[in-house]
There are 2 protein chains.
Amino acid sequence: MNKPYQILIADDHQMFIDGIKLIFSNHTDYEIAAEALSGMEVLDRFKTQKFDIAILDVNMPKPNGFETCKIIKKQYPDCKIMILTMYAEGQFLNEFMDSGASAYVLKNAGKAELLRALESIVNGQVYIGKQLKLIVDVPQKDGFSKSFSLTKRELEIIALLAKEKTSAEIAEILFISTYTVNTHRKNILHKLDVKNTAGLIKYASENGIV
Amino acid sequence: MNKPYQILIADDHQMFIDGIKLIFSNHTDYEIAAEALSGMEVLDRFKTQKFDIAILDVNMPKPNGFETCKIIKKQYPDCKIMILTMYAEGQFLNEFMDSGASAYVLKNAGKAELLRALESIVNGQVYIGKQLKLIVDVPQKDGFSKSFSLTKRELEIIALLAKEKTSAEIAEILFISTYTVNTHRKNILHKLDVKNTAGLIKYASENGIV
DNA sequence: TGAAAAATACCTATAAATAGGTATTGTGAT
DNA sequence: ATCACAATACCTATTTATAGGTATTTTTCA
């Protein structure tokens, strides 16, 4: 029997962490060696301890799961990372692929899938939860989009642009003036540092905004 | 012991099929029940036989792996499908997610990974080969982009549009008239059935064209 | 070698997007 | 209470994109 895999678990809800710990309590292959309530805490733990696997919540505060994942992967490339998400936010798939994580699983996946995912990643494979496959167009959770410094309204307009709407159509849908829509579009182009709608949509696609 | 899983294997190179058959020859869990050299042949086999798993090559002729996959999934939703690819074409990931397939594996993955992937998918999970994770921006293989019925020139123009170029700029780059560029753009919008450049870029992003 | 597909080019009119401004109101945080 | 920011709105001028055509030349493939 090998030494159990050392796992760090991070989520902003202690209750969820406790649930996960229960799952592993009678498992000899895996050991919850540390826990964290934020991205910062995760990085702190890594400074004093070595982990084989980190299980990170996407919506965790400062920095979020993907950002934390990238930082860890840079400093400790051997550590495998599993990203957990509450909602079936399929649009984060590209971000997941870029983050260097090894697994992407829904929180309501259940014990069996969690263990299967772990088994996969310790064998060097990438695992994506079944339910994440079919989801599209889930509205953006706030606090997450902040990292792009785009406002709620701006995200709404991007979403409508991605649906091939013109400024006039967007104005009608949102009950605002076409002038306002154009002001927003102007601001979006500046914020994302792109030249036109083509660049905007490309950026949005690459970053899972649409 | 259960009845072995009935597998259909499809690839345009017979030699590759024979290799796969060797892998399964001493396996009691899986049985290669049929083989096919093209998408059409795959669909023919399904008319007379029932399969638990279909292993499809992406670059297979008429129709290709993803298209074949979609057709099978519509008529036989219970059949699990594994997509094999020769090159680490990471940009087809979205297409994979849309196709309804359960696994996406590199051909040079080796016996162990093949079996692990199969184990995953019969358990209802989605499996993506490790090597497919890091690849970006692999140039489009010809014959594959044909499935979108976009010509080489049209793909060039899409690529330039994604780089935020205007029709006039594209004309200059390609040494052709702005009129010609606009004709191409018109044709592209029709072919992809999108209303404007936003839709075009979104489609291109989702399908790995850019 | 003949037919089909691709690439080229032109014309016109309208619709939409972009860039440059300015300015007011509401809201949330320090 | 003040400051920053978000959201709103307006104006103008110019550039770009889109839609409707037609038509010729070049490539490719059967």
Side-chain angles (χ1 to χ4, degrees), chain A residues 61-62 139-204 209-210, chain B residues 38 61-62 140-204 209-210:
Chain A
K62 299 173 68 159
Q140 200 77 10
K141 283 285 154 291
D142 56 14
F144 201 79
S145 28
K146 276 280 170 55
S147 53
F148 304 111
S149 75
L150 289 169
T151 69
K152 220 184 300 175
R153 203 48 149 180
E154 286 166 346
L155 286 169
E156 282 186 281
I157 285 168
I158 291 175
L160 290 166
L161 287 172
K163 284 182 182 160
E164 313 186 351
K165 306 293 184 194
T166 66
S167 290
E169 290 167 336
I170 293 171
E172 219 177 291
I173 293 167
L174 299 180
F175 297 108
I176 56 178
S177 155
T178 305
Y179 290 124
T180 307
V181 175
N182 282 327
T183 301
H184 283 307
R185 291 184 69 164
K186 213 187 309 177
N187 294 336
I188 293 167
L189 294 185
H190 273 123
K191 280 190 184 179
L192 301 185
D193 192 30
V194 293
K195 285 176 65 181
N196 51 31
T197 307
L200 191 167
I201 298 292
K202 195 179 163 229
Y203 182 97
I209 300 174
V210 292
Chain B
S38 73
K62 297 169 69 140
Q140 199 76 13
K141 286 280 154 294
D142 54 14
F144 201 78
S145 26
K146 279 276 173 55
S147 56
F148 306 110
S149 74
L150 289 170
T151 69
K152 218 184 301 174
R153 204 48 151 180
E154 287 166 346
L155 286 170
E156 282 185 280
I157 285 168
I158 291 174
L160 290 166
L161 287 172
K163 284 182 181 160
E164 312 186 353
K165 306 294 183 193
T166 66
S167 291
E169 289 167 337
I170 293 171
E172 220 176 290
I173 292 167
L174 299 180
F175 298 108
I176 56 178
S177 155
T178 306
Y179 290 123
T180 308
V181 175
N182 282 327
T183 301
H184 283 307
R185 292 184 67 164
K186 212 185 311 177
N187 293 336
I188 293 167
L189 293 185
H190 273 123
K191 282 189 182 179
L192 301 185
D193 193 28
V194 293
K195 283 176 66 181
N196 51 32
T197 307
L200 191 166
I201 298 293
K202 193 176 165 233
Y203 183 96
I209 299 174
V210 291

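If you're wondering where the values come from, they're calculated on a predicted model, not measured in any experiment. Sequence lines set the chain letters: A, B, ... in the order given, protein chains first and strands last, and positions in each chain run from 1.
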>> How many whole angstroms separate atom NZ of B:Lys195 from atom C1' of C:dA15?
In response: 12 Å
> Could you give the CD1-to-P distance, from A:Ile176 to C:dT25, as a whole number of Å?
Replying inline: 18 Å
> To the nearest Å, how far apart are A:Lys191 NZ and C:dT18 C1'?
Replying inline: 18 Å
> Between D:dT18 atom C1' and B:Leu200 atom CG, what is the distance in whole Å?
Replying inline: 13 Å
>> Please report the distance, rounded to the nearest Å, between CZ in B:Arg153 and P in D:dT28.
In response: 13 Å
>> Whether B:Thr151 contacts C:dA7 is assessed here as follows: a side-chain N or O lying under 4.0 Å from the phosphate OP1 or OP2. Is that the case?
In response: yes
> Is the number of heavy atoms from other residues, nucleotides or ligands under 6.0 Å of A:Lys195 NZ greater than 12?
Replying inline: yes
> OP1 or OP2 of D:dC10 less than 4.0 angstrom from a side-chain nitrogen or oxygen of A:Ser177, does that happen here?
Replying inline: yes
>> Expected output is a numbered-order residue list: members of residues 179-189 of chain A with a heavy atom under 4.0 Å from any atom of DNA chain D. What is it?
In response: A:Tyr179, A:Thr180, A:Thr183, A:His184
> Can you name the closest pair of heavy atoms from A:Leu200 and A:Val194 and give their distance?
Replying inline: N-CG2, 3.8 Å
>> Restricting to salt bridge (charged side-chain N to carboxylate O under 4.0 Å, His left out), what partner residues turn up for B:Arg153, sequence neighbours left out?
In response: B:Glu156
>> Can you measure B:Leu161 atom CG to D:dT16 atom P for me and round it to whole angstrom units?
In response: 13 Å
> Passes side-chain contact (heavy atoms from CB on, under 4.5 Å), B:Arg185 versus B:Ile157? Steps please.
Replying inline: CA-CA 8 Å; B:Arg185 292 184 67 164; B:Ile157 285 168; 4.3 Å; yes
> CG of A:Leu192 versus P of C:dT18: gap in Å, rounded?
Replying inline: 12 Å
>> With a 4.0 Å cutoff (strictly under), does any side-chain N or O of B:Ser167 reach OP1 or OP2 of D:dA17?
In response: yes
>> Rounded to whole Å, how long is the line connecting atom CD of A:Glu154 with atom P of D:dT8?
In response: 10 Å
